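The structure appears below as structure tokens.
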Amino acid sequence: LGEGGMGSVYVAEQEKPVRRKVALKVVKAGMDSRQVLARFDAERQALALMDHPNIAKVLDAGTSESGRPYFVMELVRGVPITEFCDSRKLTTRQRLELFTKVCQAVQHAHQKGIIHRDIKPSNVLVTLHDDVAVPKVIDFGIAKATSQALTDQSIYTGVHQTLGTPLYMSPEQAEMNALDVDTRSDVYSLGVLLYELLTGQTPFEKDTLSKAGFDEMRRIIREDEPLRPSQRVSTLQAQALSTVSDCRKIEPRKLSHQLCGELDWIVMKTLEKDRSRRYESASAFAADVQRHLDDQTVEACPPSGTYRLRKFARRNRTLLTTAFLVGLAFAVGTTVSVWQSIEATSAHKLADERLE
């Protein structure tokens, strides 16, 4: 079926106690280092902790005759959520309804003390059950436990090691030391996923990040502010906009208007650099999306002018410092000139009086 950094996934057949098709994940040959085995075991334990209809279930686990660990999961015959939505031309409303189920699955993981850390379209597969779309969150390979150890073996995230996929990575995850990542990192990644479901684009372009060096890529993620979804759509070229709008069954000129306002606010709240300004949980995120669908007042709102000014000042600290010094010098110069002018006028007046 595919392969990742640690293991390969195959379609297999379980013979007993039930005969059925399953997904079999096995550690790659030559990837049996202590670190890889620990992460592999952690993923297996993380999946075993969870029981949710929108998370792939673990069915069995063991070690092969050659000593390679494996675990068996339910076989999800699905496609990435973005591909599913586009191929079936789901409307914006249908995409939002499907997305709330993904948020609920991630919330379940968080309640079990598991942070996914790699939420992206290829890790959210959608399958059909009696013509009903069912999303399944998969691949907890770099998951992090918040309340308990997932494995007896210690897993160390190196100081210069960045885990995750840059396009969907939260600012705190892009730090050189991501030990302080919490559940709000997944909320950010969910926001990126929703951004892509709505606009067909990620907040930062793939080419921009791939061409940037490692340090510049991290700086972009941590500091640059992406365009709002409605703005991003309005900047698309005619052909791209036509494709995006056609996949959502809406006229190109109406798509930006549809996203403007509440959906802009909801998405941008999840993409805040300061995680304290994001939704506090995946369920709170889903609840605000549902309020939008129900025509109720949403909690998200545009940031205040003071906050935007403070953010601008933080981003342009050097420029503003220079401007302040120039302004200060100008003010001092003006003050001195005025004082000299006053002194000259007084002296001239005193001379006139003495002359008289």
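Heads up: numbering here begins at 1 and tracks the sequence. Computed from a predicted structure; not experimentally measured.
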According to a hydrophobic-cluster definition based on side-chain heavy atoms being under 4.5 Å apart (Ile, Leu, Val, Met, Phe, Trp, Tyr only), do [X] and [Y] belong together?
| X | Y | value |
| --- | --- | --- |
| Val22 | Leu1 | no |
| Ile250 | Leu263 | yes |
| Leu24 | Phe140 | no |
| Val76 | Val102 | no |
| Val79 | Leu75 | no |

Donor-acceptor check, side chain of [X] to backbone of [Y], threshold 3.5 angstrom: yes or no?
| X | Y | result |
| --- | --- | --- |
| Arg232 | Leu227 | no |
| Ser341 | Ser337 | no |
| Lys273 | Ile221 | yes |
| Asp264 | Ser230 | yes |
| Thr165 | Leu167 | no |
| Asn123 | Asp118 | yes |
| Asp288 | Ala300 | yes |
| Ser256 | Val233 | no |
| Gln94 | Thr91 | yes |

Which atom of [X] lies closest to which atom of [Y], heavy atoms considered:
| X | Y | answer |
| --- | --- | --- |
| Ala133 | Val126 | CB-CG1, 3.9 Å |
| Ser281 | Val187 | C-CG2, 3.8 Å |
| Val244 | Leu236 | CG2-CD1, 4.0 Å |
| Ser276 | Arg184 | CA-NH1, 3.7 Å |
| Lys269 | Tyr279 | CD-CZ, 3.4 Å |
| Leu125 | Pro80 | CD2-N, 3.7 Å |

Is the number of heavy atoms from other residues, nucleotides or ligands within 6.0 Å of [atom1] ([X]) greater than 12?
| X | atom1 | result |
| --- | --- | --- |
| Arg88 | CZ | no |
| Gln237 | CD | no |
| Gln239 | CD | no |

| field | Ion pair Asp215/Arg218, N-O distance below 4.0 Å | value |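 Between Arg218 and Asp215 there is a salt bridge, with a charged N closer than 4.0 Å to a carboxylate O.
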
Donor-acceptor contacts, no H, no angles, side chain residues 46-64, under 3.5 Å, sequence neighbours left out:
unit_1, atom_1, unit_2, atom_2, d
His52, ND1, Asn54, N, 3.0
Asn54, ND2, Pro135, O, 2.9
Ser64, OG, Ser66, N, 3.4
Ser64, OG, Ser66, OG, 3.0
Ser64, OG, Arg68, N, 3.1
Ser64, OG, Arg68, O, 3.3

| message | Is a donor from one side chain sitting under 3.5 angstrom from an acceptor on the other, for Glu196 and Tyr168? | response |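 Yes, a side-chain donor-acceptor pair sits under 3.5 Å.
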
Are [X] and [Y] packed together at the side-chain level, in the sense that at least one heavy-atom pair is separated by less than 4.5 angstrom?
| X | Y | result |
| --- | --- | --- |
| Phe99 | Leu190 | yes |
| Leu197 | Leu98 | no |
| Lys349 | Thr345 | no |
| Leu193 | Pro121 | yes |
| Met268 | Pro226 | yes |
| Asp224 | Arg219 | yes |
| Tyr188 | Leu271 | yes |

| request: Just do the side chain to side chain contact (heavy atoms under 4.5 Å, CB included) check on Ile342 and Ser346 with the steps written out, would you? | output: CA-CA 6 Å; Ile342 293 173; Ser346 298; 4.2 Å; yes

| task | For the pair Ile266 and Phe285, evaluate side chain to side chain contact (heavy atoms under 4.5 Å, CB included) and give the outcome as yes or no after the intermediate values. | result | CA-CA 8 Å; Ile266 290 172; Phe285 184 9; 3.6 Å; yes

| Can you check side chain to side chain contact (heavy atoms under 4.5 Å, CB included) on Thr270 and Leu194, steps first, answer last? | CA-CA 10 Å; Thr270 66; Leu194 180 56; over 6 Å; no

So among [options], which one has a side chain to side chain donor-acceptor pair (under 3.5 Å) with [X]?
| X | options | answer |
| --- | --- | --- |
| Arg20 | Gln14, Glu74, Glu15 | Gln14 |
| Asp294 | Arg291, Gln290, Gln296 | Gln290 |
| Ser185 | Arg278, Arg117, Gln173, His116 | Gln173 |

Out of curiosity, [X] [atom1] to [Y] [atom2], how far, rounded to the nearest 0.5 Å?
| X | Y | atom1 | atom2 | value |
| --- | --- | --- | --- | --- |
| Met217 | Arg222 | CE | CZ | 9.5 Å |
| Ile81 | Lys101 | CD1 | NZ | 10.0 Å |
| Ser189 | Asp186 | OG | CG | 6.0 Å |
| Leu90 | Leu96 | CG | CG | 10.5 Å |
| Glu205 | Ile220 | CD | CD1 | 10.5 Å |
| Glu175 | Ser170 | CD | OG | 9.5 Å |

| Working for side chain to side chain contact (heavy atoms under 4.5 Å, CB included), residues Leu259 and Val267 | CA-CA 10 Å; Leu259 301 180; Val267 172; over 6 Å; no

| message | For Asp86, give me all partners under side-chain contact (heavy atoms from CB on, under 4.5 Å), at least two apart in sequence or on another chain. | response |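 Asp86: side-chain contact (heavy atoms from CB on, under 4.5 Å) contacts with Arg95, Cys247, Arg248.
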
